[in-house]
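Working notes, beginning with the structure itself.
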Amino acid sequence: MPLVFRQYWKTMIMEAAAAVGESRLFLVGCLMRFVRVVALLSIWRTVMVGKSQVSGMTLHALLTYTLLSEICADLLLCRTGLEAAWFSGSITTRFLRPVSLFNQFSAEMLGRAMLSVSLFALPLALASPLLGISLRPASLFGGALFFLSLAAAIGVGLALEYIFVGIGVNAGIHPYAINGMRSAVSVVLSGALIPLKLLPWGIGLWLSWLPFASQASAPLTIFTGTEPVIKPFLLQLVWLIILWPCARWLWRANREKMVSYGG
Amino acid sequence: MAKQDPKGTALSDIAVELSAVSKTFHQRQRNEQLSGILRNLLRPEFKSIPALSGLSLAINRGEILAYAGANGAGKSTTVKLCCGMLAPDSGEVRVLGMNPLSDRLKCVSRIGVVFGQRTELWFDHPVSASFEWKRVVWDIPDDSYRVALKRMKDLLGLDEFFNTQARELSLGQRMRADLGLALVHDPEMLFLDEPTLGLDVLARRSILGFLKELNRTRGVTIIVTSHQTADLEELAGRIVLIHKGKLAFDGSFDALRKTCGDTRRLILEADAVTAPDMSAMGARLVSTEGRHHEYLFDASRNTIAEILSEAARQCAILDVETHRTDIDDVVADIYETWQRGQHPTGE
Amino acid sequence: MAVKAGYGLLRRIARLLALYARMDLLLLTRDPLMTAGWAITDLVINLASVSGLLLLAQRFAGIGTWSRPSFVFMLGYASLVEGLVATLFGYNVSHISRRIGRGQLDHSLLQPQPLWIVLLTEGFSPAFGAPALLPGTLLLIWGWRMLPQAPWAAFRSMGHGCGALAWSGLFVLDMASSVVVVMAFQYGWGSLAFWSPRASEELNTSTHDLLSTLKSFPLNAMSPILRFGLLSIIPAGFVGWAPVAGLLQIGHIWFLITPAAALISAAAAAIVFKAGLKHYGKTGSQRYSAFGHRS
């Protein structure tokens, strides 16, 4: 196995094991997520009473969209430990490892996601019939493209992570402020919580052009077939091409500041 | 009715008393394999680690006690027990006549604690803000605070960084600020857990000097843990060594040296290149360089006069140097002996 | 004697609150750029947290049986509760699992005052918390203005002035109770970090986010099992739905249900926290990180 894969795998295992290393109490977090998604599903059932569809979305599509969003939550709005490492100053020691920083942080993120997928997302997907939801894609093509779109969503998410932290370092904004702002903005603008199509005054149409939509709305609409599948996927590719060079440039420009923060 | 001090606790010459104190921690065990994650979820494994096993110890008021032991010996656990952060599994802990757990509030208002690896300073505030915080939270009367603060500033040189943010201090400055903060409420006793960790020689000297002065002038009882045994020797008259949670040695530094046989180093400059043979006197030749010959001998078995007269019998002696064994070496030897499963005092 | 002691205690708490307010202001104002950054960030975070449901209410002209004005009023109420929690219990006091999980409780235990006083005062952050109060206040006023009649209409039998006064008193009581419910929820679940500091360090992030998402969901639209769950082990219903339904007399909600829930949840949280603290006394903290505390 190539070295980079072995490094990735080992880091992922370490990160996954750290979370479950001491107790089964981490399952409480899964319970919280389950309650959240069930409550959201019930809201959709309430607002859609007496309506066959709203903005081209049927109740069935809406429920599938919401459930899939929760199942893929760790990957759609992906978060690495970058700003925490920057804040605590531990990022300095990261430079001493023979692995690129990008690989270190993304491997850790995938490790956490791996655990979350196996202990929460998969059981939730299997239990979907019990919640009265079918997790079948709207079309075979959409189903296949969903996985590519999901990979692109992770790519866009990681690029945004580096850009936000880079801007924060450059402007001297506190890492927690950066973290909070990005989380809040992403949840609303990405369509992870509420499908963009359901927003009033046509806001959703405008938001769908932003990079945040490529993080969640794109793969979810592709899967549920609530939009022509090609446009969101192409937009994701465009954002990948734009965002990554920006992220790399910001990262290089601020590297010294980043390492010296936190002592 | 027991005699009481003005603060309402029993007055005694004993500042800290530990009676048959035991404390065991349970550590979760897991291998590094993926399968270990799943096994750990279903059937977690634990290992018991005795931190203290029936430890009994008394420390007098006004004393400076060096508290040493290898990593994991139970030093920090003892300090945490004395500060009311941990409860013993069995046995009793008394600090200034109080149970630090049930009388936590009274107790912590009369002691000062410094953990070398953590700071009590507020990171994103200037040092002055942490002192002001301490004044309010500890409810220190204004007059006493002003006097104590001035004393701390003078003795520890806090003025040069008093308005600097804590996170921008050097390690030495941070430790001085932490010490000042721990003492500004005028505590009767001070617990120091690794106070010289990572400090350069000048910063160490300044802190050790300050602590000695504090003990001499204000009679503050000090319990200090450190891996720098030489620092401990400079500071304290009495050393307690613990090993696997048990008291392994309690006495003076001289007595500690003697447990290893009071080994000394002798360097002779003779007129001959051949080193005198003094094996009959128990002196072992360690090295020879030109006319300089180095020996190790046990001063408790043969006096230096006897050894020198034997040397003088064999050759003409031009110069003599003797050294006591470095205390760090003594302690290292003791730890090594413990690792081999023996006890230097034969227990 | 007891009155004097009570007065002394209140004075001490007031003195500590003043101290922490000053420190909070000092921290915020040490750098103008950072001050502006924080203010904007907090505003964005708080606006974002309500905008989703607000837009949804606009799109569907309310949610279920809740009209748009009453829903906006509820959103404002719930946001104000969240803002109050952020203002009164900042610096990870409301995210107690972080302090426990990172071994930072030792800093509190070294202070010569009861732990409850430390936790009641140390998180007071009027400067950092102010932006969090703004969206809730604005939404509340907006919702109020849109309501077809005064919110104390149901209390008119007491006379107009008395009715308004009684309603205002109930509003303040409910608001305080909702804050207590949120804190009890955070402490009840966050105390699990005493037993599993690593795995549960960020548990209060999950619980906080959960309440934040569910705080203004109208529970009458949900199944009885889910509604029971959201009024017991995850009491999101008491952050917005139940108190506002009581205040606006929507449905048949007992108007003192939120204060009663606050009492019960506070007692439950205190039991769990005390048990956790006892466990902490046995095990101590095996980890320590200065991260996020006092900074």
Of the backbone (N, CA, C, O) and the side chain (C-beta and beyond), which part of [X] lies under 4.5 Å from a heavy atom of chain C, both, or neither?
X: B/K23; value: side chain
X: B/E132; value: both
X: B/R104; value: side chain
X: B/V113; value: side chain

Return yes if a side-chain donor-acceptor contact under 3.5 Å exists between [X] and [Y], otherwise no.
X: B/S19; Y: B/E92; answer: no
X: C/D209; Y: C/S212; answer: no
X: C/Q186; Y: C/H208; answer: no

Problem set entry | Region of C/L19 that comes under 4.5 Å of a non-hydrogen atom in chain B |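 C/L19 touches chain B through side-chain heavy atoms alone.
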Exercise. Can you tell which of B/D139, B/D89, B/I111 has the highest number of heavy-atom pairs within less than 4.5 Å of chain C?
Worked result: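 Ranked by heavy-atom pairs under 4.5 Å with chain C, first place is B/D139.
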For this session: Name the member of B/K80, B/H26, B/M85 that forms the most heavy-atom pairs with chain C at distances under 4.5 Å.
Result: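 Most heavy-atom pairs within the cutoff with chain C belong to B/M85.
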For this session: Look at C/D106, C/L105, C/V118 and state which one has the largest set of heavy-atom pairs under 4.5 Å with chain B.
Result: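 It is C/D106.
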For this session: If the plane angle is over 60° it's perpendicular, under 30° parallel, otherwise tilted; pick one for C/F128 and C/Y91.
Result: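 Perpendicular, since the angle between the ring planes exceeds 60°.
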For this session: Report the relative orientation of the aromatic rings in C/Y20 and B/W122; use parallel for angles under 30°, tilted for 30 to 60°, perpendicular for over 60°.
Result: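 Plane angle between 30° and 60°, so tilted.
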Exercise. Under the ring pair (Phe, Tyr, Trp, His ring centres under 6.0 Å) criterion, do B/F131 and B/F162 qualify, and how do the steps go?
Worked result: CA-CA 9 Å; B/F131 276 80; B/F162 202 57; 5.4 Å; yes
